[in-house]
Amino acid sequence: MTNMAGTDGAVLEIDLGAVCANWRMLGARHGSGPVAGVVKADAYGLGAAQVAPALFAAGCRHFFVAHLSEALALRDLVPGAMVAVLNGALPGTEEVFAARGIVPVLGSLDAIAHWGARGPAILQVDTGMRRLGLDPTEIATVRAEPARLAGMELLYVMTHLVSSEVPGDAENARQAAAFGAACTAVPGVPRSFANSSGLFLGDAFASDLARPGAALYGINPTPGQPNPMRPVVRLRTQVLQVREIATGDAVGYNATWQAARASRIATAYVGYADGWPRSLSSRGHAIFDGRAVPLVGRVSMDLTTYDVTDFPAVGPGSWLDLIAPDMPVDAVAEAAGTNGYEILTRLGARYARVYLG
Ligand SMILES: *Cc1c(COP(=O)(O)O)cnc(C)c1O
């Protein structure tokens, strides 16, 4: 139930031109091979049905999703491109993958045996995440018994970084070495390594196919450094009412915020049912006219309250920016105690969505 009408009091603008520019910029960084588009979780909440065709038109020919259902929805939108499922094939779904030309990411000896010679697949090796992928014992088995891969068409061997956004973490170099060693168990198979932040770690993380997601959508792949990506998302909400309250009056559920002075409170058209985190209660800010407006009281299901005492121009119908170039998704995430990935993937279905570019 995505609201495309554009009539509601909160508008989510998604700049597809910026997504494509970000993809091209990452491609220019990755000299060793192409760059895929990771469009799992509905392209991190932004709409895979819009994002993937835009990337395809820009030249992207490799797509990753997490679920088979996401791959089925994507398959015909990117004709001829690789569509791979990171979570792999649940037992019994292999025929659907094969019939629709969808590539499973295989991460265990069992998954390899179930898939067999049905068609192209990607092999995942675990170098530290310890959730999916062949573990060191299984890699040793493949090395000792290459017949286990007989007849398989392996497009890539891949692994996933644990701490790529922390360039100083020694785990990165350890994983690069472990990946290089594991790849020798499948000689000649192309490699896929870096996610968004991995693309900024240096040559040891280059491969035949990079797999960025977050950076395409404007999340900073280099936390603590200036964001090299173009912003993609703008989220605006409209003020429904403005009321005057007296010193000592409380605002919102459980009266968690009390006015220290006579105040003006603006009630805006967004709440946690829209994915606006309740953890922003009395912590977040919106932007009005280039200045930060404090969020006060609890975020409720459909409404959020702001202290606009110092913003006399704010009235019913005024627009407040929730995510914008001067309130980037990473700043919202930090205030909410989470990361930009969670903020984007929780963006709700009630926003009027506008696609630019
Ligand atoms: C989500 C995911 C990616 C993309 O990661 P970003 O940090 O968003 O760039 C790449 N590879 C795997 C295995 C993933 O699960």
Side-chain angles (χ1 to χ4, degrees), residues 19 22-27 29-30 33-46 48 51-52 55 60 62-68 70-71 74 82-89 103-108 111 121-135 155-167 169 171-172 175-176 178-179 182 190-201 205-223 225 227-230 232-233 329-330 333 338-347:
V19 174
N22 287 336
W23 179 78
R24 278 189 219 98
M25 188 274 244
L26 296 175
R29 284 193 69 83
H30 195 240
V35 168
V38 178
V39 294
K40 61 189 179 187
D42 202 24
Y44 291 46
L46 303 187
V51 167
L55 285 172
C60 182
H62 303 84
F63 293 88
F64 286 91
V65 293
H67 288 202
L68 173 57
E70 296 174 328
L74 195 60
M82 183 190 88
V83 175
V85 174
L86 290 165
N87 283 9
V103 176
V105 175
L106 307 175
S108 69
I122 295 174
L123 185 65
Q124 176 155 218
V125 294
D126 182 19
T127 54
M129 191 66 92
R130 303 202 177 85
R131 50 178 200 187
L132 295 174
L134 269 60
D135 67 22
L155 298 179
Y156 296 97
V157 54
M158 62 168 265
T159 198
H160 193 42
L161 289 160
V162 171
S163 295
S164 57
E165 80 285 9
V166 187
D169 194 322
E171 180 67 2
N172 292 318
Q175 281 190 275
F179 185 43
R191 303 175 183 189
S192 173
F193 194 8
N195 67 331
S196 297
S197 294
L199 279 160
F200 293 81
L201 288 177
F205 301 85
S207 68
D208 301 296
L209 181 68
R211 302 186 313 274
L216 298 176
Y217 311 116
I219 291 174
N220 188 355
T222 58
Q225 306 277 111
N227 189 349
M229 312 315 298
R230 267 176 59 176
V232 168
V233 174
V329 63
D330 297 289
T338 182
N339 61 12
Y341 298 63
E342 188 175 359
I343 298 293
L344 290 190
T345 55
R346 293 177 55 149
L347 289 171

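In listed order, ligands and their atoms are each counted from 1. These figures come from a predicted structure and were not determined experimentally. Counting begins at 1 with the first residue of the sequence.
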State, yes or no, whether a side-chain contact exists between [X] and [Y] at a heavy-atom distance under 4.5 Å.
X	Y	result
Leu161	Leu201	yes
Pro34	Leu209	yes
Phe193	Thr159	yes

Determine the interplanar angle of the His62 and Tyr156 rings, folded into 0 to 90°, and report it as parallel if under 30°, tilted if 30 to 60°, perpendicular if over 60°. perpendicular
With heavy atoms and a 4.0 Å threshold, my read on which part of Met129 contacts ligand 1 is neither
So for Phe64 against ligand 1, with non-hydrogen atoms under 4.0 Å, the contacting part is neither
Provide, to 0.1 Å, the distance between [atom] and the closest protein heavy atom, together with that atom's residue and name.
atom	result
atom 5 (O) of ligand 1	Asn195 CB, 3.5 Å
atom 8 (O) of ligand 1	Tyr44 OH, 2.5 Å
atom 9 (O) of ligand 1	Ser196 OG, 2.5 Å
atom 4 (C) of ligand 1	Arg211 O, 3.3 Å
atom 1 (C) of ligand 1	Lys40 NZ, 1.4 Å
atom 7 (O) of ligand 1	Tyr341 OH, 2.6 Å

With heavy atoms of [X] as the reference, note each atom of ligand 1 found under 4.0 Å away.
X	value
Arg131	15 (O)
Ala214	6 (P), 8 (O), 9 (O)
Met158	13 (C)

When you compare ligand 1 with Pro212, is there at least one nitrogen or oxygen pair between them that comes in under 3.5 angstrom? no
Might you work through the side-chain contact (heavy atoms from CB on, under 4.5 Å) test for Phe64 and Met82, ending with a clear yes or no? CA-CA 8 Å; Phe64 286 91; Met82 183 190 88; 3.7 Å; yes
Grab the two heavy atoms, one from Ala36 and one from Arg211, that are nearest each other, plus how far apart they are. CB-CA, 4.5 Å
As an exercise, state the distance from CD1 of Ile122 to CG of Leu106, rounded to the nearest 0.5 Å. 9.0 Å
Would you tell me whether Gln175 and Thr127 have side-chain atoms, one donor and one acceptor, within less than 3.5 Å of each other? yes
